[in-house]
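A quick note: this is a predicted structure, and the numbers were derived from the prediction, not measured. Each chain gets a letter, A, B and so on, in the order its sequence line appears, and its residues count up from 1.
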Amino acid sequence: MPEGHTIHRAARDQRPMLIGHVLDISSPQGRFLEGAERISGHVCKAVEAYGKHLLYDFSNGMTLHIHLGLFGKFRAIKVPADEPRGAVRVRMISATHVVDINGPNTCEVLDMSGRDKLVARIGPDVLRADADREKAWKKISKSRSAIGQLLMDQAVIAGIGNIYRSEILWRQKLHPNVAGKDVSREAFEQIWDDSVALLEKGVKHNAIITVDGAVKARSKYGERVNIFNKPSCPACASAIRRFEIAKRRAFACETCQIAPEI
DNA sequence: TTGATTGTTACCGG
DNA sequence: TCCGGTAACAATCA
């Protein structure tokens with residue numbers, strides 16, 4: 001089962017399992033989900049994703065907000081369900097399915113006001129039809145921060161994670177350390193369009209695939225990538241440089257990706 | 001037992 | 001206000 005980012009996206013495909021009358025919400029591990037009683041027994045009418053945030057909207061105006069973070073996982077099974085595996089934080093029970101959520105970064109019940117505040121602070125999501133890419137361009141083109149930093153800032157542009165960051169910048173021949181303000185409009189447009197294409201592909205295959213033409217994922221994480229955690233550049237065979245951006249692993253081919261002027 | 005991990009927020013200081 | 005740095009948290013596995 002692929003993990004992390006693709007799971008967030010795959011959750012969109014899990015809509016049918018989660019829409020409908022939620023008979024019960026329980027916390028098998030005993031950790032109380034604050035506000036659980038406000039959604040238990042109500043109808044989940046829609047599931048929306050804003051970046052990596054998932055919003056389960058209930059017909060009484062309440063929303064279950066889930067963010068899986070690094071470790072979170074969904075496990076969806078048909079009834080009758082077996083015992084929860086591991087540290088299940090919330091078990092959502094419908095007439096036909098049970099969804100267990102383990103290890104989410106965020107797991108909370110929001111009212112409409114809380115939901116609005118959340119959505120307002122999330123930047124444009126490359127996978128949403130209503131995304132306003134101009135908002136992302138305004139922030140990037142004014143920022144002294146590195147583009148590698150900005151692509152991971154979910155308030156700037158939502159949906160891109162650590163693997164996609166390295167892969168997208170490599171595909172656009174742009175070095176992660178280039179300042180946002182030094183990124184051309186044309187390069188930004190290409191980054192945005194490529195992000196859409198790659199993340200849509202990720203949703204479709206439930207795996208991170210950034211190599212053109214590749215479909216099947218071979219590695220244990222179900223990914224197929226060009227430079228992330230790779231020793232050499234598939235284009236020029238140069239060694240891939242490893243470094244850190246804000247304590248996260250970053251990769252770049254300094255032959256193919258133009259380094260910033262110091 | 002330790003370290004690493006596809007993420008995020010809070011807080012502080014410059 | 002912006003930006004970088006640090007700590008904290010989440011669960012699991014090698």
Inset, instruction - Whole angstrom is fine here: how far is it from CZ in Arg165(A) over to C1' in dG7(B)? - result: 11 Å

Legend entry - Arg89(A) side-chain N/O to dA10(C) phosphate OP1/OP2 under 4.0 Å: no

Legend entry - Same-atom distance (P) from dA7(C) to dA4(B), integer angstrom: 15 Å

Inset, instruction - Tell which nucleotide pairs with dA10(C), taking only Watson-Crick or G-U wobble pairs whose two distances are both under 3.5 angstrom. - result: none

Inset, instruction - Respond yes when some side-chain nitrogen or oxygen of Lys73(A) is under 4.0 Å from OP1 or OP2 of dA11(C), and no when none is. - result: no

Legend entry - OP1 or OP2 of dT5(B) under 4.0 Å from side-chain N/O of Arg248(A): no

Legend entry - Which nucleotide in dT6(B), dT8(B), dC3(C) has an atom nearest any side-chain atom of Ser145(A): dC3(C)

Inset, instruction - Pick base, sugar-phosphate or nothing for Asn105(A), based on heavy-atom distances below 4.0 Å to the nucleic acid. - result: base

Inset, instruction - May I ask you to evaluate whether Asn102(A) reaches the phosphate of dT12(C), defined as a side-chain N or O under 4.0 Å from OP1 or OP2? - result: yes

Legend entry - Earlier contact from the 5' end, DNA chain C, for Lys142(A) and Lys247(A): Lys142(A)

Legend entry - Lys/Arg-Asp/Glu bridge criterion (N-O < 4.0 Å) met for Arg38(A), Glu108(A): no

Legend entry - Same-atom distance (C1') from dC11(B) to dT1(C), integer angstrom: 16 Å

Inset, instruction - Would you say whether Phe71(A) stacks on dA11(C)? The test is a distance between ring centres of less than 5.5 Å and an angle between planes of less than 30°. - result: yes

Inset, instruction - Indicate yes or no: does Asp82(A) engage Arg75(A) in a salt bridge with an N to O separation below 4.0 Å. - result: yes

Legend entry - Salt-bridge contact Arg133(A)-Asp193(A) (side-chain N to carboxylate O under 4.0 Å): yes

Inset, instruction - To the nearest Å, give me how far apart CD (Gln149(A)) and P (dT6(C)) are. - result: 13 Å

Inset, instruction - Tell me whether the OP1 or OP2 atom of dT6(B) has a side-chain N or O from Arg249(A) closer than 4.0 Å. - result: yes

Inset, instruction - For the side chain of Gln154(A), starting at C-beta, report the closest nucleotide among dT6(B), dT8(B), dC2(C). - result: dT8(B)

Inset, instruction - May I have the distance from Ile245(A) (atom CD1) to dG7(B) (atom C1'), rounded to whole angstrom? - result: 15 Å

Inset, instruction - Could you say whether Ile163(A) or Arg121(A) is positioned toward the 5' end of DNA chain B, judged by the nucleotide with the nearest heavy atom to each? - result: Ile163(A)

Legend entry - Closest to side chain of Ser143(A), choosing from dT12(C), dC3(C), dT6(C): dC3(C)

Legend entry - SB check Arg171(A) Asp194(A) (cutoff 4.0 Å): yes

Inset, instruction - Look at the side chain of Phe228(A) and decide which nucleotide, out of dT9(B), dT6(B), dG4(C), has an atom nearest to it. - result: dT6(B)

Legend entry - SB check Arg115(A) Glu48(A) (cutoff 4.0 Å): yes

Inset, instruction - Please state the C1' separation for the pair dG5(C) and dT6(B) - nearest whole angstrom. - result: 23 Å

Inset, instruction - Please determine, for the side chain of Ala87(A), which listed nucleotide (dT6(B), dG7(B), dT12(C)) has the closest atom? - result: dT12(C)

